[in-house]
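Here's the structure, in structure tokens; my notes come after.
Everything numeric here is computed off the predicted structure, so don't read it as measured data. Both counts, for ligands and for their atoms, begin at 1 and track the order of listing. The basis for the numbers below is simple: all heavy atoms, side chains too, and nothing from hydrogens, waters or symmetry mates. Position 1 is the first residue of the sequence; numbering continues from there.
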Amino acid sequence: MQSYSTIVSSNMTAILLAVVLSVLLITYLIQRWRNRKIHKFMASVPGPVSIPLFGNAYFVLKINSDNLYDVLREQMDKYPNAGYWLGKDPWLITGDIKIFNALLSSNQNTTKTEAYHFFKSHGMGIFCLNGESWRQIRKIVNPSFRTNVLASFGDSFSYHTKTFVERLEKHSGSGCDVDLFVPVHLCTIDFICENMMGCRMDVQKKNLTHISTNLEKSTQMIFTRMFNILLQPDLLYSLLGKQKEIEGLVKDMRALAREMVELRAKHRNDIKNSGDTAEPVQIFMESLLNSVESGALTKERAVDETVEMFIAGSITTATTSAWIFKILAMRPDIQKKVFEEIQETCSLDKQEICLDEVSKLDYLDMVVKETLRHFAVPFVGRQLVEDLKVDETTTIPAGVQVMPVIFSLHHNPEYWQKPKEFYPEHFSPVNERKRVKGAFVPFLSGPRHCPGNKYALQSIKFLVANTLLHYEFSSDEKSPEDFFNADYRILFMMWPSSGFRVKIKKRLVQGLSSLAVQIL
Ligand code: HEM
């Protein structure tokens with residue numbers, strides 16, 4: 001027979017358990033009631049089966065940085081506009097143009113999802129900031145991309161492109177494959193350092209390849225972390241030694257950024273002391289240092305912003321340019337057309353294509369845009385802080401996290417004649433006029449669009465056109481007929497799993513054959 005005290009103790013345990021369960025149930029019901037709009041909305045959109053408590057977290061568990069694109073593409077095929085519960089967080093993953101347009105034009109819903117915080121390992125700047133801090137820095141950044149500022153970059157593009165052409169020389173004619181990413185990236189880093197920060201750092205001449213390869217590795221680590229729940233807690237990340245590893249990878253890039261802030265600050269002082277009162281061109285670093293002088297920003301924040309601009313401006317333009325060289329190598333027909341346009345449009349006796357002429361290369365412009373259609377930033381993320389009205393029948397409630405999937409919109413057969421092919425004619429003037437607004441958004445649109453969009457197009461076209469004057473590109477790799485279903489990994493943008501390998505040969509065209517030699 002059970003003693004009195006045992007009976008009392010087991011009754012107490014049962015009561016305690018009932019209280020705990022009741023509290024949990026009541027908390028759950030209150031939460032559910034508070035979030036009833038979200039639950040109602042999530043129930044109204046299709047999506048994969050959700051398991052109680054875990055939701056669709058199993059969907060994230062199977063993702064790693066190598067299969068991220070495959071998993072997302074497969075999900076988008078099944079559910080072009082779907083709700084996912086990732087633990088307690090409601091997500092809408094969408095390729096719907098109406099949602100894109102409503103979200104991107106919203107002045108209220110500019111807050112990025114929490115996953116962006118993992119980029120703080122690079123630096124806590126404009127890319128990760130939200131609210132007032134973001135607005136403040138955006139005001140500093142915007143003037144750096146005005147037309148008069150962009151027009152002042154010609155000499156710098158020319159100087160660093162000559163170095164790039166010179167560095168390719170050792171690879172030309174060998175018949176061997178060369179992966180172009182690092183050489184192109186060093187060149188776009190040189191562009192950014194001079195045009196945004198006002199410092200000629202000559203990373204190509206100093207052969208600072210580790211700045212590029214380390215940035216590739218740290219970015220890969222951040223993307224892996226974003227999609228691996230186990231790596232997300234800061235403490236665990238540090239204990240596993242990952243935080244130290246990433247800090248080691250970004251150390252020299254941050255040192256370079258700090259050096260540029262110091263160099264430019266000294267340059268400003270020297271000018272002031274010399275009595276020169278001429279107004280300098282308002283490049284990015286000038287605006288940044290004005291804010292440091294006025295006390296609006298600390299010097300440490302200026303270093304963070306310099307790092308962000310360095311990364312945002314260099315890796316994206318390098319990926320796009322490297323893609324173009326690869327596409328031209330795989331598609332000699334397109335390469336021939338681009339080169340013929342250069343011959344017809346530019347006065348080659350100067351042995352260089354200047355910025356003005358670059359802006360007249362319409363077919364090259366179409367090739368760049370088609371490259372961005374296929375291989376742009378694949379998706380972005382926004383946390384709704386206010387209800388988002390999409391149309392008369394649909395409002396997405398505050399609290400939902402929205403992931404607009406750009407590659408899905410960019411391959412939607414409703415907007416593209418040959419969605420899976422590489423077809424520059426998608427951007428012919430006739431087709432551009434016919435296209436629905438918002439169907440092509442490699443730089444997004446609205447208040448949080450990419451401020452570097454015009455600079456990006458200008459620098460990519462300058463580099464590609466001037467390189468084509470000297471070299472022809474070829475490849476043993478066949479151009480995929482279906483780019484949508486090819487193999488990619490994701491590092492800010494889409495990267496070919498097979499790398500950016502091409503063969504390079506000096507171009508032998510009458511009147512041009514000696515150009516590379518003269519430039520060298
Ligand atoms: C082909 C080249 C480029 C592409 C495809 C591209 C694309 C994008 C996209 C999609 C975003 C939004 C990211 C998000 O919200 O998650 C963005 C933001 C940004 N981009 Fe670009 N970008 C390119 C080049 C550049 C260049 C050359 C610069 C600077 C020189 C630049 C500076 C920035 C900055 C500062 C942001 C953050 C803006 C903000 O949050 O307000 N980008 N870019």
Side-chain angles (χ1 to χ4, degrees), residues 100 103-104 106-107 109-119 122-131 133-142 144-145 149-150 153 156-157 184-185 187-197 222-223 226 283-285 287-288 304-324 368-383 401-407 409-410 440-464 490-494:
F100 266 75
L103 179 65
L104 298 183
S106 164
N107 276 316
N109 285 308
T110 53
T111 303
K112 293 193 168 177
T113 47
E114 276 187 14
Y116 280 83
H117 281 275
F118 298 124
F119 285 103
H122 281 153
M124 195 65 189
I126 183 170
F127 193 68
C128 327
L129 293 173
N130 289 313
S133 328
W134 165 70
R135 251 177 270 280
Q136 179 200 21
I137 191 69
R138 185 76 202 208
K139 275 193 203 132
I140 296 172
V141 166
N142 282 344
S144 336
F145 296 99
V149 183
L150 293 179
F153 296 154
S156 146
F157 285 146
V184 174
H185 192 201
C187 180
T188 60
I189 289 176
D190 270 338
F191 284 172
I192 285 291
C193 290
E194 184 152 352
N195 297 327
M196 297 292 129
M197 328 304 177
I222 292 173
F223 272 88
M226 277 167 94
I283 59 167
F284 169 69
M285 185 63 89
S287 311
L288 211 53
D304 273 329
E305 292 304 339
T306 304
V307 170
E308 293 277 89
M309 192 58 83
F310 178 96
I311 299 175
S314 71
I315 202 164
T316 48
T317 45
T319 312
T320 313
S321 308
W323 259 120
I324 295 172
V368 177
K369 287 180 177 153
E370 180 69 349
T371 306
L372 286 169
R373 180 177 76 84
H374 283 295
F375 316 120
V377 174
F379 50 80
V380 294
R382 297 289 183 269
Q383 156 101 53
Q401 324 237 8
V402 185
M403 187 200 266
V405 181
I406 298 170
F407 70 73
L409 182 67
H410 281 185
F440 180 59
V441 284
F443 301 104
L444 302 188
S445 59
R448 210 145 188 186
H449 78 279
C450 169
N453 56 358
K454 289 194 185 122
Y455 171 88
L457 294 177
Q458 188 186 46
S459 63
I460 292 165
K461 284 194 275 183
F462 191 97
L463 179 63
V464 171
I490 293 178
L491 277 175
F492 285 121
M493 298 175 74
M494 315 266 285

contact_flag [X] ligand 1 heavy-atom lt 4.0 Å:
X	result
Arg382	yes
Thr110	no
Pro442	yes
Phe284	no

Point to revise | Lys112 to Phe127 six-membered ring, cation-pi geometry met (6.0 Å, 45°) | key: yes
Using a heavy-atom cut-off of under 4.0 Å, does the side chain or the backbone of [X] touch ligand 1, or both, or neither?
X	answer
Asn453	neither
Ile126	both
Phe145	side chain
Val141	neither

I'd like to check whether [X] has a polar contact with ligand 1, where a contact means an N/O of the residue lying under 3.5 Å from an N/O of the ligand.
X	answer
Thr320	no
Thr317	no
Tyr455	no

Point to revise | Any side-chain donor near an acceptor of the partner, Asn130 and Arg448, under 3.5 Å | key: yes
Point to revise | Identity and separation of the nearest protein heavy atom to atom 38 (C) of ligand 1 | key: Arg138 NH1, 3.4 Å
Review point. Ignoring hydrogens and geometry, is there a side-chain-to-backbone donor-acceptor pair from His117 to Met124 under 3.5 Å?
Key: no
Check your understanding: Can you name the one residue among Ser459, Ser144, Ser156 that meets side chain to side chain donor-acceptor pair (under 3.5 Å) with Asn195?
Key -> Ser156
